[in-house]
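In listed order, ligands and their atoms are each counted from 1. Keep in mind it's a predicted model, so treat the numbers as computed, not measured.
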Amino acid sequence: VNPDFEIKGSGMRMGGGAKPFGVDSARVPQLVKRIIAGGAEWRGFHIFAGSQALDPDALIEAQRATLELAASLSEAAGAAPPMVNLGGGFGIPHFHGEQELDIEAVGRSLSEGLARRAAILQGTEFAIELGRWIVGEAGVYLTRIVDRKESHGKTFLVTDGGMHHQLAASGNFGQIIRRNYPVAIASRFGADATEAVTIVGCLCTPLDRLADDVMTPRAMPGDLVAVFLAGAYGLSASPQAFLGQSAAREMLVGAVD
Ligand SMILES: Cc1ncc(COP(=O)(O)O)c(C=O)c1O
């Protein structure tokens, strides 16, 4: 379902108005009736209003509106949905100054909303659909410094990776203003940050930057750069074949108690 609302302040708006996703909500009751009359198994609704929201009030309001929409569509279709997928939108902080989502507040409000749900949704199962909130923080991208150069008073650390492995961290995945993902010199953890550097990839485009003017310990060719939050929209969201550079390796690291 393409709802008539979006999650306010979300990084990506997937619902509200003309959208390539879903069926416009006004057309849904008729469609449900046709599915049922045609003898197919109607499984319910999938309502996705947006992605990357950090404001709990915006998510709470979107979930409230989603429950209400599911109830009114069901009533208009004259059928109770076996399942309602309420969408997701739970964001993770990527940039300086952003706050972690208050998951307790969202959970409390959703429980209350479900307890008060309309009669037609009493037998319905509910799901939420999370992506980056589950896996984003689990990934770290490592790339090696191959050159250190000065240009017009600015220090550049050039790596053997870049935007073909981590498009989102380079700021080219729909961001309007480029901001740095959290980065570190992984081979010098704990050392004092003593200089401002710009960390770039190896592609011949100025779009290929991993960090602009960040403070790091003095790093040299051979050192490793870590880019955090690489577990979602990382390698699989990147133009890996662009400019024919080496592929990144993905490794699963586990811990044993
Ligand atoms: C239908 C649907 N489900 C889930 C997701 C995952 O979103 P996120 O990674 O922000 O949780 C998206 C992302 O756009 C989506 O379109």
Side-chain angles (χ1 to χ4, degrees), residues 1-25 27-28 31-32 42-67 69-70 73 81-95 97-107 109-110 113 124-141 163 165-182 227-240 250 252:
V1 178
N2 171 26
D4 285 335
F5 53 85
E6 59 193 15
I7 304 179
K8 289 194 183 67
S10 56
M12 264 184 210
R13 292 164 191 184
M14 316 278 293
K19 286 287 181 300
F21 316 110
V23 175
D24 289 352
S25 51
R27 305 177 68 172
V28 166
L31 177 60
V32 172
W42 177 52
R43 301 293 298 276
F45 297 122
H46 175 205
I47 306 174
F48 196 89
S51 183
Q52 182 54 12
L54 290 170
D55 175 3
D57 293 336
L59 265 176
I60 286 168
E61 172 52 26
Q63 289 184 335
R64 191 202 55 73
T66 303
L67 266 176
L69 177 62
L73 291 175
M83 153 81 72
V84 171
N85 179 332
L86 298 167
F90 292 30
I92 53 175
H94 286 76
F95 306 119
E98 286 184 336
Q99 296 287 320
E100 224 170 84
L101 177 64
D102 182 351
I103 204 79
E104 304 281 334
V106 175
S109 161
L110 182 57
T124 299
E125 253 189 276
F126 292 90
I128 51 172
E129 184 181 359
L130 308 182
R132 72 185 82 210
W133 193 84
I134 296 175
V135 292
E137 290 171 346
V140 180
Y141 172 63
M163 67 178 267
H165 298 160
Q166 292 297 321
L167 186 71
S170 77
N172 295 297
F173 194 59
Q175 294 96 324
I176 294 160
I177 301 166
R178 193 199 170 284
R179 288 184 287 174
N180 294 332
Y181 270 41
V227 179
F228 297 95
L229 304 179
Y233 307 100
L235 189 61
S236 63
S238 304
Q240 298 177 49
E250 282 185 296
L252 194 61

Output yes when the distance from some N or O of ligand 1 to some N or O of L130 is under 3.5 Å, and no in every other case. no
Which of the atoms of ligand 1 are close to S51, meaning less than 4.0 Å from one of its heavy atoms? 7 (O), 8 (P), 10 (O)
Can you tell me how far [atom2] of [Y] sits from [atom1] of [X], rounded to the nearest 0.5 angstrom?
X: Q99; Y: D55; atom1: CD; atom2: CG; result: 11.0 Å
X: I92; Y: I134; atom1: CD1; atom2: CD1; result: 11.0 Å
X: K19; Y: D4; atom1: NZ; atom2: CG; result: 10.5 Å
X: T66; Y: F126; atom1: OG1; atom2: CZ; result: 11.0 Å

Aromatic contact between F21 and F48, with the criterion being ring centroids under 6.0 Å apart: yes or no? no
Counting heavy atoms only, which of R132, E129, Q52 comes nearest to atom 1 (C) of ligand 1? E129
Which option wins on minimum heavy-atom distance to atom 6 (C) of ligand 1: F90, W133, Y233? Y233
Tell me whether ligand 1 is touched by F48 - counting only heavy atoms on the residue side and a distance under 4.0 Å. yes
